[in-house]
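To keep things clear, I will list the structure first and then write my remarks on it.
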Amino acid sequence: MKPRVRFAPSPTGFLHIGGARTALFNWLYARHTGGTFVLRIEDTDTARNTQAAVDVILDGLRWLGLNWDEGPLTSDATGPSKGNLGPYFQSQRKANYRARVEALLSRGLAYEDEGAIKFKMTREPIVIHDLVVGDVERKLTDREEMDPDFVIVRSDGEPVFHLVNVIDDLEMNITHVIRGEDHLSNTAKHIALFKAFGVEPPKYAHIPLILNKDGSKMSKRDQGALMNVYMEGGYLPEAVLNYLCLLSWSPKDNREKLPLSEVVERFDLPQILRANARFDHDKLLWLQGEYARELGSDRFYELCVHALGKGGFDTNRFPIEYVKAALDTCKGKIRLFTELPAYAGFYFTDSFEYNPDGVKKDFTPENKPRLQKLRDAIASTEPFVAAGLEATLKRVAGELGVKAGVLVHPTRLACTGNAAGPSLYHLLEVLGREKVLQRIDRALTTF
RNA sequence: GACCCUAUGGUCUAGCGGUUAGGACACUGCCCUUUCACGGCGGUAGCUCGGGUUCGAUUCCCGAUAGGGUCGCCA
């Protein structure tokens, strides 16, 4: 029988990076084994759950490319889904829960207590055969010793997580439960529940948690904890995915950057590490840069145009060839697309501020005549292309008896407002003679 | 408080009784270079501690310590 795994988030309005990693590991295992990846929405908390919150989860998984074989097609709990074992929203499965609870009640495995229904938990230690952690004997804690039974239906009639999670895994024929290690201690309860229902529990694989760089628990408020930061922050999903694969899993051959298809091929449960991993944003950024550099042109343009648009630059007002030429000078230079407006905005507006430090350093009295001389030489450079412009600049520098850099910096500042950026000669070529001369002339009037 | 998991540089990791403890990110020196970035060549930095087992422990066992998790009518 092929494995059936599931990702079962509750719609809280956020998709946590840890949740995304859990989804990823489930997805990887399903794809590796040719099994089925089920998405189930645990929306039992009617007070908190909204359709918009479900969209956050669906959008996040889609952005990452973690497609599910069974589960909802839309965020509408009563809407369409794929798969034969739905509904895939817990809010639509209440009849199942009621029937299961009745069965427990009638067999004396559960009882009513102050309006709630409690499950008669075994008093014996339970051994969890975990595929990642190994055999774990879970004894009762001191509080559990006093009352090992736990509530499965609240006094308001709503079933609780432990119950519905188990019933759904059972009824959806889930074979492997791959989830965060925060559930390891709870697993004894789940196993007892499965046994009470007369079925063998699924295999468990508890994966380590993702902590902050300093080792503290990552909460929603922590930097980088939520998926939307990456979706909106100019990240590439392949970079995020690759980075997530490297936390608690390793290809073991000293490679860091590897395509998802290869991870799918090599991924398996037993080789997942046991220790919690810390989230290193710098390393993610590095991978992001690696992937950004080798992006295909069309996708690169698309992402750039989108980022520039968000930064207030309407590239549609410029000829497509100009836009492409401008963006080509940025390829391989930026990591995050959100950097682009500041990095390349000068291509798309004439009104930009000069970098103050650059002004101090480069717009100096002795540089003014130099820039003037270069301006005149540029005015007659023919054709107006990078190689010729470079030759012109170096010739003028030679005539002035200064290094090229002396001319390069004021020119860059005059034409872009920035102290760093794309290759100067190439950006001049893209801007064209008219704009370059205008910008140098304008700069010359400021100092 | 009880129970559970974990422990290799700052971070992610390779290692599975004998290695000059390997790689990556970050940091840093030099080179390349108009800037930035990339790239190339170096550098700093590590087996938590204490007991065992063994001819020999980073590696196996026990304990301590530290970190994380759970013990809810949250999920």
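Below, each value reflects all heavy atoms present in this structure, side chains not excepted, and no hydrogens, waters or symmetry copies.
In a base pair of the Watson-Crick type (N1 to N3 plus N6-O4 or O6-N4) or a G-U wobble (N1-O2 and O6-N3), with each distance short of 3.5 Å, B:C74 is matched with no nucleotide. Pairing of B:U53, defined by two Watson-Crick or G-U wobble distances under 3.5 Å, is not identified with any nucleotide. In this structure, B:C3 forms a base pair with B:G69, meeting either the Watson-Crick or the G-U wobble geometry with both donor-acceptor distances under 3.5 Å. With a 3.5 Å ceiling on both atom-pair distances, the Watson-Crick or G-U wobble partner of B:U48 is B:A64. The nucleotide B:G10 finds its pairing partner in B:C25, both defining distances of the Watson-Crick or G-U wobble pair being shorter than 3.5 Å.
Regarding contacts with the backbone of B:U34, a side-chain N or O of A:Lys394 is found under 4.0 angstrom from either OP1 or OP2. Note on A:Lys252: a side-chain N or O is less than 4.0 Å away from OP1 or OP2 of B:G15. Residue A:Arg154 places at least one side-chain N or O closer than 4.0 Å to OP1 or OP2 of B:C74. Proximity of A:Arg278 to the phosphate of B:U11: a side-chain N or O atom is located under 4.0 Å from OP1 or OP2. Contact annotation: A:Lys333 side-chain N/O to B:C38 OP1/OP2 distance is not under 4.0 Å. Taking only side-chain nitrogens and oxygens, A:Arg412 never comes nearer than 4.0 Å to OP1 or OP2 of B:U34.
When heavy atoms are screened at a 4.0 angstrom cut-off, A:Arg143 is found touching base atoms of the nucleic acid. Nucleic acid contact class of A:Ser248 (heavy atoms, under 4.0 Å, all strands): sugar-phosphate only. Residue A:Glu144 is classed as a sugar-phosphate contact, given heavy-atom separations below 4.0 Å to backbone atoms only. Residue A:Glu137 is in sugar-phosphate contact alone, with no base atom involved, counting any heavy-atom pair closer than 4.0 Å across all strands shown.
Side chains of A:Thr187 and A:Arg179: a donor-acceptor N/O pair is present below 3.5 angstrom, by distance only.
Look at CG on A:Leu285: it is 13 Å from C1' on B:A37, rounded to the nearest Å.
A salt bridge links A:Arg266 with A:Glu262: the distance from a Lys NZ or Arg NE/NH1/NH2 to an Asp or Glu carboxylate oxygen falls below 4.0 Å.
Between A:His32 and A:Phe25, the ring centre distance reaches or exceeds 6.0 Å.
Annotation for A:Glu294: atom CD counts as buried by contact number, over 12 foreign heavy atoms lying within 6.0 Å.
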